[in-house]
Peer 1: 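The structure under discussion is supplied below as structure tokens; questions concerning it will follow.
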Amino acid sequence: MVTQDEKTYAMLAWFLSIIFGLLAPLIIFLISNDKPFAKRHAAMALGFEIAMTICSIISGILMAVLIGLIILPVVIIFALVINIMGGMAASRGENYEPPIFGPMIAKMFNV
């Protein structure tokens with residue numbers, strides 16, 4: 001059974017990453033050692049934010065070639081949708097893995 005406290009921490013990891021990027025899920029990941037549900041969601045949010053940061057940097061570099069003008073907005077919208085979906089799953093007490101990066105993030109953080 002997942003406690004409301006764990007659900008709240010997990011939701012905050014996803015929703016605050018929209019505003020604060022890597023910082024919010026990193027802090028929640030580090031402070032939730034006794035909350036496995038929150039730690040898993042924070043790890044997923046953190047790994048996803050790392051992947052999106054890398055994608056944003058790559059599309060920023062490609063912006064000089066005009067391809068980035070199409071890719072960067074897509075990356076931003078994709079990140080926003082995934083963060084909202086992760087937060088909604090956390091509020092329901094469900095595990096969530098972001099598409100494409102989820103299995104890799106689970107292995108990377110061992111959650």
Side-chain angles (χ1 to χ4, degrees):
M1 185 69 175
V2 179
T3 65
Q4 185 59 40
D5 191 38
E6 286 186 90
K7 290 180 187 178
T8 302
Y9 274 89
M11 278 189 337
L12 288 175
W14 286 104
F15 290 144
L16 290 178
S17 67
I18 294 171
I19 299 167
F20 298 109
L22 299 168
L23 188 61
L26 176 63
I27 290 171
I28 293 171
F29 179 77
L30 293 173
I31 65 171
S32 51
N33 289 329
D34 59 336
K35 299 173 181 69
F37 180 77
K39 188 169 186 88
R40 178 171 170 53
H41 274 277
M44 289 293 164
L46 178 61
F48 182 72
E49 287 302 317
I50 290 169
M52 288 297 98
T53 300
I54 292 169
C55 289
S56 295
I57 290 170
I58 291 170
S59 65
I61 292 170
L62 292 176
M63 187 127 354
V65 188
L66 293 176
I67 296 172
L69 290 173
I70 298 169
I71 296 173
L72 186 60
V74 170
V75 168
I76 292 169
I77 291 169
F78 177 71
L80 182 63
V81 168
I82 296 302
N83 282 318
I84 291 170
M85 289 175 61
M88 299 283 287
S91 72
R92 292 187 303 267
E94 301 171 357
N95 284 325
Y96 179 76
E97 286 189 0
I100 303 168
F101 305 108
M104 178 182 65
I105 294 167
K107 289 178 186 175
M108 187 170 67
F109 287 103
N110 198 24
V111 292

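In this chain, residues are counted from 1 in sequence order.
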Peer 1: What closest approach, in Å, do P25 and A45 show between heavy atoms, and which atom pair accounts for it?
Peer 2: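 The answer is CB-CB, 3.9 Å.
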Peer 1: Determine whether M52 and I18 fall in the same hydrophobic cluster, where Ile, Leu, Val, Met, Phe, Trp and Tyr are linked whenever their side-chain heavy atoms lie under 4.5 Å apart.
Peer 2: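 No, M52 and I18 fall in different hydrophobic clusters.
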Peer 1: Check ring pair (Phe, Tyr, Trp, His ring centres under 6.0 Å) between F37 and all other residues, then give those that pass, not counting sequence neighbours.
Peer 2: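 Ring pair (Phe, Tyr, Trp, His ring centres under 6.0 Å) list for F37, sorted by chain: H41.
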Peer 1: Taking all non-hydrogen atoms of both residues into account, name the closest pair between V111 and R40 and its distance.
Peer 2: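 Heavy atoms of V111 and R40 come nearest at O-NH1, 3.5 Å.
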Peer 1: With salt bridge (Lys or Arg N to Asp or Glu O under 4.0 Å) as the rule and sequence neighbours excluded, what pairs involving residues 82-93 come up?
Peer 2: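 Every pair satisfying salt bridge (Lys or Arg N to Asp or Glu O under 4.0 Å) with a residue in residues 82-93: R92-E94.
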Peer 1: Share the residues that join M1 in a hydrophobic cluster, the rule being Ile, Leu, Val, Met, Phe, Trp or Tyr side chains under 4.5 Å apart at the heavy-atom level.
Peer 2: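 Result for M1 is none, singleton.
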Peer 1: Would you say L16 ends up clustered with I50 if hydrophobic residues are merged whenever their side chains have heavy atoms under 4.5 Å apart, either directly or through other cluster members?
Peer 2: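 No, because I50 and L16 fall into different hydrophobic clusters, even though each may have its own neighbours under 4.5 Å.
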Peer 1: Considering residues at least two apart in sequence or located in another chain, which fulfil the ring pair (Phe, Tyr, Trp, His ring centres under 6.0 Å) criterion with Y9?
Peer 2: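 With neighbours one apart ignored, the set is empty.
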Peer 1: Show the nearest heavy-atom pair for residues M44 and W14, with the distance to one decimal.
Peer 2: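 Result for this residue pair: CB-CZ2, 3.7 Å.
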Peer 1: Test of understanding: with side-chain contact (heavy atoms from CB on, under 4.5 Å), list the residues that count as partners of S91, not counting sequence neighbours.
Peer 2: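 By the side-chain contact (heavy atoms from CB on, under 4.5 Å) rule, S91 matches M11.
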Peer 1: I'd like to check the side-chain contact (heavy atoms from CB on, under 4.5 Å) partners of L30; sequence neighbours left out, ordered by chain and number.
Peer 2: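 Partners of L30 under the side-chain contact (heavy atoms from CB on, under 4.5 Å) test: L26.
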Peer 1: Which side chain to side chain donor-acceptor pair (under 3.5 Å) pairs, counting each pair once, include a residue from residues 102-111, with sequence neighbours left out?
Peer 2: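 Side chain to side chain donor-acceptor pair (under 3.5 Å) check on residues 102-111 returns no pairs.
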Peer 1: In terms of hydrophobic clustering (I, L, V, M, F, W, Y; side-chain heavy atoms under 4.5 Å; direct or indirect links), are L12 and F29 co-clustered?
Peer 2: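 The answer is no; the residues belong to distinct hydrophobic clusters.
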Peer 1: Using 0.5 Å steps for rounding, measure from the CD1 atom of I28 to the CG atom of L23.
Peer 2: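 Nearest 0.5 Å value for the CD1-CG distance: 9.5 Å.
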Peer 1: Would you name the heavy atoms of M108 and G47 that are closest together and state the gap between them?
Peer 2: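 In this case the closest contact between M108 and G47 is CE-CA, 4.3 Å.
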Peer 1: Using the rule that two of Ile, Leu, Val, Met, Phe, Trp, Tyr join whenever any of their side-chain heavy atoms come within less than 4.5 Å, decide whether L46 and I31 are in one cluster.
Peer 2: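 L46 does not cluster with I31.
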Peer 1: Extract all donor-acceptor atom pairs below 3.5 Å that involve side chains of residues 71-89 and protein atoms in other chains or at least two apart in sequence.
Peer 2:
{"from": "N83", "atom 1": "OD1", "to": "S17", "atom 2": "OG", "distance (Å)": "3.1"}
{"from": "N83", "atom 1": "ND2", "to": "E49", "atom 2": "OE2", "distance (Å)": "3.0"}
{"from": "N83", "atom 1": "ND2", "to": "A79", "atom 2": "O", "distance (Å)": "3.0"}

Peer 1: Identify, with sequence neighbours excluded, every residue that meets side-chain contact (heavy atoms from CB on, under 4.5 Å) alongside A51.
Peer 2: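 Listed in chain order: F101.
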Peer 1: Test of understanding: with side-chain contact (heavy atoms from CB on, under 4.5 Å), list the residues that count as partners of I19, not counting sequence neighbours.
Peer 2: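 With neighbours one apart ignored, the set is empty.
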Peer 1: Going by the side chain to side chain donor-acceptor pair (under 3.5 Å) test, which pairs reach into residues 69-78, not counting sequence neighbours?
Peer 2: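 Sorted pair list comes back empty.
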Peer 1: With the 4.5 Å side-chain cut-off for hydrophobic clustering, are F15 and L22 part of the same group?
Peer 2: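 Unlinked, F15 and L22 end up in two clusters.
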Peer 1: Minimum heavy-atom separation for P98 to F48, with atom names?
Peer 2: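 Shortest heavy-atom separation between P98 and F48 comes out as CB-CD1, 3.7 Å.
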Peer 1: Going by side chain to side chain donor-acceptor pair (under 3.5 Å), name the pairs with one or both residues in residues 19-36, residues two or more places apart or in two chains.
Peer 2: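 Only N33-K39 qualify under side chain to side chain donor-acceptor pair (under 3.5 Å).
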